[in-house]
Amino acid sequence: MTTKLSHGASGALRRFAGRVARGSVGHPLLDGIDYGDDLRDSPSQMEALFAIFANVLELDDQGEPVNDDDGHYDGAAVRRSRP
């Protein structure tokens with residue numbers, strides 16, 4: 001049996017990717033920090049950012065996200081702690 005992501009889970013991933021692309025992930029924690037160049041220069045940082053989001057994301061019994069905003073802040077907090 002295969003299971004696909006729920007509409008809500010795929011939407012959470014889509015919104016997160018959009019925030020990363022626009023440079024607004026982790027708002028307001030990363031305000032004033034241009035992390036776009038860092039992500040382009042080091043693909044492993046982009047990978048880590050999405051891994052953190054996916055690992056923090058919790059789904060209810062119907063597969064709908066219950067804490068998708070937490071991943072935005074957790075990923076931002078890791079980025080904020082880097083020099």
Side-chain angles (χ1 to χ4, degrees):
M1 179 176 139
T2 62
T3 303
K4 292 187 175 191
L5 287 177
S6 69
H7 181 71
S10 65
L13 181 59
R14 185 186 71 249
R15 285 188 301 279
F16 181 69
R19 288 179 179 172
V20 170
R22 285 188 303 278
S24 64
V25 73
H27 176 75
L29 184 60
L30 293 179
D31 280 355
I33 297 174
D34 182 12
Y35 58 84
D37 288 338
D38 291 342
L39 293 177
R40 282 185 290 279
D41 292 343
S42 178
S44 63
Q45 287 190 34
M46 178 76 79
E47 180 182 358
L49 186 62
F50 275 87
I52 291 166
F53 176 77
N55 287 329
V56 170
L57 188 65
E58 294 178 5
L59 306 174
D60 65 15
D61 292 337
Q62 288 75 41
E64 297 299 317
V66 296
N67 71 334
D68 53 317
D69 283 338
D70 292 347
H72 297 263
Y73 293 105
D74 289 357
V78 169
R79 176 58 190 103
R80 175 90 179 174
S81 67
R82 293 180 180 232

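Everything quoted here is computed from the prediction, not taken from an experiment.
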Any side-chain heavy atom of V20 sitting closer than 4.5 Å to one from L49? yes
Give me the ring orientation class for F53 and F16: parallel if the planes are under 30° apart, tilted from 30 to 60°, perpendicular past 60°. parallel
Heavy-atom pair with the smallest gap, counting every atom of P65 and S6: CD-OG, 4.5 Å
Shortest non-hydrogen separation from H7 to E64 and the atoms involved: N-OE2, 4.2 Å
Sequence-distant partners of R14, salt bridge (charged side-chain N to carboxylate O under 4.0 Å, His left out), two or more places apart: none
Within this structure, what is the CD1-CG distance for the pair I52 and L57, rounded to the nearest 0.5 Å? 13.5 Å
Kindly give the heavy-atom pair with the smallest separation between G8 and R15, and that separation in Å. O-NH2, 4.3 Å
Start with the C-alpha gap between V56 and N67, add the side-chain angles, then the distance that decides, and say whether side-chain contact (heavy atoms from CB on, under 4.5 Å) holds. CA-CA 8 Å; V56 170; N67 71 334; 3.9 Å; yes
